[in-house]
A.B. asks: 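The structure is given below, and queries will be raised subsequently.
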Protein chains: 2
Amino acid sequence: MDERENVPQRPYAEVIDRLRSVDLRPTRQRLALARLLLEHGDRHITAEQLHGEAIDRGIRVSLATVYNTLHQFTSAGLLREVVVEAGRSYFDTNTSDHHHFYNETTGDLHDIPGSEVSVTSLPEPPDGSSVARVDVIVRLK
Amino acid sequence: MDERENVPQRPYAEVIDRLRSVDLRPTRQRLALARLLLEHGDRHITAEQLHGEAIDRGIRVSLATVYNTLHQFTSAGLLREVVVEAGRSYFDTNTSDHHHFYNETTGDLHDIPGSEVSVTSLPEPPDGSSVARVDVIVRLK
DNA sequence: AAAATAGTTTAGAACTGTTCTAAACTATTG
DNA sequence: CAATAGTTTAGAACAGTTCTAAACTATTTT
């Protein structure tokens, strides 16, 4: 481990800046959750799973805060909500254009890069509406 | 209205046969729900909405039976379950190949014929799994 | 660097949609 | 028409999520 004084000096700096840029105060809870979420590659996680993981790591945070934080991060564009089954929301740390494989037996959720799926949506959206997003879920068994 | 005796003689016959063919006894409740669901064109409805509609029409049926029936009809291929938002399941009377427009503001759910959407799913499904279904949800705002 | 303020966290209650339970009931079979 | 197998039901239970209002913490003001 590198012990030069400038290395561990601002370990949260990037996350702090990111939160500030979306007008969220960098509280202890948000920082800890942001690191769990954003510093471990692409993840698909539910609120309860994230809460459990935080508690396991000794992070004191309530389930309510986990829910609040996930929604705030989603509004801020740091996360994306994925709905594949009723009664459970997944939050996806990959906010780039992509779709999903969902294994209905195991519950596994995996990304499909946007470039690997082409959707030709011929019909016009009804009346005054516009397309917000196109979700493709490839359900596996 | 035509009053010839052979017209109202077997009004439920088609639905009864359909239920029998999937090994479901044609009970009063199933018949009534089947007619509400299947004799009014393509519908997207939740269990609670269907229960409310049944009650409004004077059909005595419990919410538990509505849930049971919707799941049985779905297993039998008479309905299809559509998940577009967490915490609520829609049941779709259109079981043919198609996709959906979902207006996130109004909650409106509309069919897109399968022929009007082309999905080129390049990646192979992981390991031993196979594709059960591809759902395309065009989210509107 | 306090005090004031605005925003955040929290435990627990409340709520929503759904599933379960086991007793009563109904369709079908013998 | 009795036996049986399947169905319905009210209400309890449950899972995931949201709400509440009091305590707390970060930021701004003085």
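Owing to the predicted nature of the structure, the values given are computational and were not obtained by experimental measurement. Every heavy atom of this structure was used, including side-chain atoms; hydrogens, water molecules and symmetry mates were not. Per chain, numbering begins at 1; letters A, B, ... match sequence-line order.
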A.B. asks: Is the phosphate of C:dT19 approached by B:Tyr67 (side-chain N or O, under 4.0 Å from OP1 or OP2)?
C.D. replies: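 The answer is no; no side-chain N or O of B:Tyr67 sits under 4.0 Å from OP1 or OP2.
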
A.B. asks: Check the phosphate of D:dT17 against A:His71, side-chain N and O only, distance under 4.0 Å to OP1 or OP2. Yes or no?
C.D. replies: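 The answer is no; no side-chain N or O of A:His71 sits under 4.0 Å from OP1 or OP2.
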
A.B. asks: Can you name the side-chain contact (heavy atoms from CB on, under 4.5 Å) partners of A:Ala86, sequence neighbours left out?
C.D. replies: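 Here the qualifying residues are B:Val83, B:Ser89.
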
A.B. asks: Using the test salt bridge (charged side-chain N to carboxylate O under 4.0 Å, His left out), find all partners of B:Glu53 that sit at least two apart in sequence or belong to another chain.
C.D. replies: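 B:Glu53 satisfies salt bridge (charged side-chain N to carboxylate O under 4.0 Å, His left out) with B:Arg43, B:Arg57 once adjacent residues are dropped.
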
A.B. asks: Tabulate below the donor-acceptor pairs under 3.5 Å that side-chain atoms of residues 122-131 of chain B make, not counting sequence neighbours, or state none.
C.D. replies:
from: B:Ser129; atom 1: OG; to: B:Pro126; atom 2: O; distance (Å): 2.6

A.B. asks: After noting the C-alpha distance and the side-chain angles of A:Glu85 and A:Tyr102, does the key distance pass the side chain to side chain donor-acceptor pair (under 3.5 Å) rule?
C.D. replies: CA-CA 10 Å; A:Glu85 58 180 300; A:Tyr102 178 62; 2.6 Å; yes

A.B. asks: If a protein heavy atom is under 4.0 Å from the base, mark B; if only from the sugar-phosphate, S; if neither, -; do that for nucleotides 5-14 of chain D going 5' to 3'.
C.D. replies: BSSSBB----

A.B. asks: Hey, does B:Ile59 have a side-chain heavy atom less than 4.5 Å from the side chain of B:Leu36?
C.D. replies: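 B:Leu36 vs B:Ile59: side chains touch.
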
A.B. asks: Within residues 45-53 of chain A, which residues have any heavy atom lying less than 4.0 Å from an atom of DNA chain D?
C.D. replies: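 Heavy-atom cutoff 4.0 Å gives A:Glu48.
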
A.B. asks: Partner lookup for C:dA22, please. Criteria are Watson-Crick or G-U wobble with both distances under 3.5 angstrom; report none if nothing qualifies.
C.D. replies: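 Partner of C:dA22: D:dT9.
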
A.B. asks: Taking the side chain as everything from C-beta on, heavy atoms only, tell me whether A:Leu79 gets closer than 4.5 Å to A:Leu38.
C.D. replies: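 The answer is yes, as the side chains (C-beta and beyond) meet within the 4.5 Å cut-off.
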
A.B. asks: Please give me the minimum heavy-atom distance between B:Ala54 and B:Leu33, naming the atom from each residue.
C.D. replies: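 Reported closest heavy-atom pair: CB-CD2, 4.3 Å.
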
A.B. asks: Could you list, one pair per line, each protein nitrogen or oxygen that sits under 3.5 Å from a nitrogen or oxygen of nucleotides 2-4 of chain C, together with the distance?
C.D. replies:
none

A.B. asks: Under the ring-ring contact (aromatic ring centres under 6.0 Å, His included) test, which residues partner A:His51, sequence neighbours left out?
C.D. replies: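 Residues passing ring-ring contact (aromatic ring centres under 6.0 Å, His included) with A:His51: none at all.
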
A.B. asks: Can you list, in residue-number order, the parts of residues 77-93 of chain B that come under 4.0 Å of DNA chain C, counting heavy atoms only?
C.D. replies: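 Heavy-atom cutoff 4.0 Å gives B:Gly87, B:Arg88, B:Ser89.
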
A.B. asks: My understanding is that only residues two or more places apart in sequence, or in another chain, count here; which of them pass ring-ring contact (aromatic ring centres under 6.0 Å, His included) with A:His98?
C.D. replies: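 For A:His98, the residues satisfying ring-ring contact (aromatic ring centres under 6.0 Å, His included) (neighbours in sequence not counted) are A:His100.
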
A.B. asks: Checking base pairs now: Watson-Crick or wobble, both atom distances under 3.5 Å. What partners C:dG17?
C.D. replies: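 Checking every strand shown, C:dG17 finds its partner in D:dC14, with both distances under 3.5 Å.
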
A.B. asks: Going by ring pair (Phe, Tyr, Trp, His ring centres under 6.0 Å), name the pairs with one or both residues in residues 19-38 of chain A, residues two or more places apart or in two chains.
C.D. replies: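 Qualifying pairs, neighbours excluded: none.
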
A.B. asks: Got a sec, which residues hit ring-ring contact (aromatic ring centres under 6.0 Å, His included) with B:His71, two or more places apart in sequence or on another chain?
C.D. replies: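 Once residues adjacent in sequence are excluded, the partners of B:His71 under the ring-ring contact (aromatic ring centres under 6.0 Å, His included) criterion are B:Phe91.
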
A.B. asks: So, for B:Gly41 and B:Thr93, which heavy atoms are closest and what is the spacing to 0.1 Å?
C.D. replies: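 Taking every non-hydrogen atom into account, O-OG1, 3.3 Å.
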
A.B. asks: Sequence neighbours left out, what passes ring-ring contact (aromatic ring centres under 6.0 Å, His included) with A:Phe73? Give chain and number order.
C.D. replies: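 Residues passing ring-ring contact (aromatic ring centres under 6.0 Å, His included) with A:Phe73: none at all.
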
